[in-house]
Asker: 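Pasting a structure here, questions to come.
Just so we're on the same page: letters track the sequence lines, and every chain starts at 1.
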Amino acid sequence: MGSRSSHAAVIPDVDSIRRETGFSQASLLRLHHRFRALDRNKKGYLSRMDLQQIGALAVNPLGDRIIESFFPNGSQRVDFPGFVRVLAHFRPVEDEDTDQDPKKPEPLNSRRNKLHYAFQLYDLDRDGKISRHEMLQVLRLMVGVQVTEEQLENIADRTVQEADEDGDGAVSFLEFTKSLEKMDVEQKMSIRILK
Amino acid sequence: MEGAELAGKILSTWLTLVLGFILLPSVFGVSLGISEIYMKILVKTLEWATIRIEKGTPKESTLKNSASVGIIQRDESPMEKGLSGLRGRDFELSDVFYFSKKGLEAIVEDEVTQRFSSEELVSWNLLTRTNVNFHYISLRLTMVWVLGVIVRYCVLLPLRVTLAFIGISLLVIGTTLVGQLPDSSLKNWLSELVHLTCCRICVRALSGTIHYHNKQHRPQKGGICVANHTSPIDVLILTTDGCYAMVGQVHGGLMGIIQRAMVKACPHVWFERSEMKDRHLVTKRLKEHIADKKKLPILIFPEGTCINNTSVMMFKKGSFEIGGTIHPVAIKYNPQFGDAFWNSSKYNMVSYLLRMMTSWAIVCDVWYMPPMTREDGEDAVQFANRVKSAIATQGGLTELPWDGGLKRAKVKDTFKEEQQKNYSKMIAGNGSLN
């Protein structure tokens, strides 16, 4: 009869996903609906190509890096839990999250985890440090062919120097966090899903 | 024996009724008012259902405007504001926040992908297929829904299938017969009659209620008619009110039979698959067609694919390079009574037609618009955009610059370069670098 009911029963392990990501049932339903809409061939998972089909993402200068963030550890597919896990980083911080039980793992949308997501966009080889070379490459992604190599190197040098505290020529996650301590990360890296 | 006789009697009474009430009036283009009564009852029932649902749901879940607003809260400020800076600021590590947020927003919801799935309704219309957000409200509502299912599947569906069958057979037979005649004004008149009658029958097979506006601007001979595309039914809707020459590929199977029959009675422009790739050939044939002022206006859908009737996507410039007068037409369906959008990746043609025939009705508005021609100094792309804006405004649809072909293909790199240019201007444009 063609009824597209995305009821909670259809999402496998919905409770564990809810606990892990903090999304409400309604939001998870919406995201599941979206996941299935993006999964054009009904494979049950998303490939890089499925994400590249999104027009607004393909024109984003950091589109490739963002797509890459969905495929950690060299995998070629992302299933629904993996999909939601990345999106959970952008969940707005609500009051209930702040007074957490210290024994529970940190929620995915904490300030630290949001910063870590941004850090990963720079850290191409995932070694925990942003080298000058990696900075240069990401900058090149963002500006395309519009800026000369020399100008870009200047920018990269300046940025790494400003953030680098222990003088190893690279920016570690701690240094990254420190240089952005005044930034309102929670607000800038949040997407609110309407009920 | 008695059983067979009884069945035979029922069948013959059934057919006589159908003939009397539906087929004959179609020939003369007259309406007996049965569909109007049906629509009135339907509207009253749906209004009642909406009130019941609103009473039943708790106050917090406001589903109003869910169709138009989208599922995430968007911050539409331009790149400069989003990067929290004035022009000429230097690169910051935090710039990546803006792009990643925009990127993730696009992943959760983007303008284009949502146009290729059916529009969500603000209130339920008693069809199972639209029951995504609505839960059990009351016994009475469920009873009405069950009644609706019975009416749609047991009464309306057989009727509609009969009509569709009759309509298509008449079309094929009629056009083949008319095709035997030598070319003359009698032939043209007869072929128009056959086309119009069969289209009216087919529209009734879908319980279609169509309102035509501005009939004085109906496309004339020797012109090109251009409309937004939602489903193959668009063709039926337009040909009920006038005859057009259609353009398209030759198909096999049932469609092929219909195409070959139709072209005998009046000159449509059918292309072989190989010929479609040769754009010059296509343009040449279409030019020849409109140069002959006695030939019917050509019907073209410049979007190239079915969109879900909430927006109009990029018009391909090919149709606007032929020259001649363009007659724009805007078609807007009312989703409350039945969703006409054909999601070709989700449903094939047969299941689509079945869904159409088990909806309440197909209700739509057709606006004919004053003719437009290409102005001096305007190239085909600008002309196409002008026509597109006119159609979008008239039909109350949003306008998108994206190509409908994005359904299947990737976006061009030139759009990304624009964003990169914008960003570069911000961090390096002023030359104030040290």
Asker: Distance from B:E109 atom CD to A:H33 atom NE2, nearest 0.5 Å?
Answerer: 11.0 Å
Asker: How close do A:K188 and B:K101 get, heavy atom to heavy atom, and via which atoms?
Answerer: O-CD, 3.1 Å
Asker: At a 4.5 Å cut-off on heavy atoms, which part of A:L152 comes close to chain B: side chain, backbone, both, or neither?
Answerer: neither
Asker: Inspect the surroundings of CG in A:L174 and state if more than 12 heavy atoms from other residues, nucleotides or ligands are less than 6.0 Å away.
Answerer: no
Asker: Enter the distance from B:E105:CD to A:L87:CG here, rounded to the nearest 0.5 Å.
Answerer: 11.5 Å
Asker: Any side-chain heavy atom of A:L180 sitting closer than 4.5 Å to one from B:F97?
Answerer: yes
Asker: Where on A:L38 is there a heavy atom nearer than 4.5 Å to chain B: the side chain, the backbone, both, or neither?
Answerer: side chain
Asker: Please round to the nearest 0.5 Å and tell me the distance separating atom CD1 of A:I54 and atom CD1 of B:I107.
Answerer: 5.5 Å
Asker: Is chain B contacted by the side chain of A:F119, its backbone, both, or neither, given a heavy-atom distance below 4.5 Å?
Answerer: neither
Asker: Looking only at non-hydrogen atoms, find the nearest pair between A:A118 and B:V96 and report the distance.
Answerer: CB-CG1, 4.0 Å
Asker: Supply the atom-to-atom distance A:Y117 OH to B:L104 CG, rounded to the nearest 0.5 angstrom.
Answerer: 4.5 Å
Asker: Does any backbone or side-chain atom of A:L115 lie under 4.5 Å from a heavy atom of chain B? Answer side chain, backbone, both or neither.
Answerer: side chain
Asker: Could you tell me which portion of A:A163 (side chain, backbone, both or neither) has an atom closer than 4.5 angstrom to a non-hydrogen atom of chain B?
Answerer: side chain
Asker: Just checking A:K43: does its NZ atom have more than 12 heavy atoms from other residues, nucleotides or ligands closer to it than 6.0 angstrom?
Answerer: yes
Asker: Which atoms form the tightest heavy-atom contact between A:R34 and B:A106, and what is the distance?
Answerer: NH2-O, 3.1 Å
Asker: Relative to chain B, which segment of A:F70 carries a heavy atom at a distance below 4.5 Å: side chain, backbone, both, or neither?
Answerer: side chain
Asker: Kindly compute the distance separating NZ (B:K102) from CG (A:N60), expressed to the nearest 0.5 Å.
Answerer: 9.5 Å
Asker: Taking NZ in A:K42 as the centre, count heavy atoms belonging to other residues, nucleotides or ligands within less than 6.0 Å. Is the count above 12?
Answerer: yes
Asker: Where does A:S190 contact chain B at under 4.5 Å (heavy atoms): side chain, backbone, both or neither?
Answerer: backbone
Asker: When rounded to the nearest 0.5 angstrom, what is the spacing between OG in B:S100 and CD in A:Q120?
Answerer: 11.5 Å
Asker: For chain B, which candidate among A:A56, A:S179, A:A37 shows the most heavy-atom pairs at distances under 4.5 Å?
Answerer: A:A56
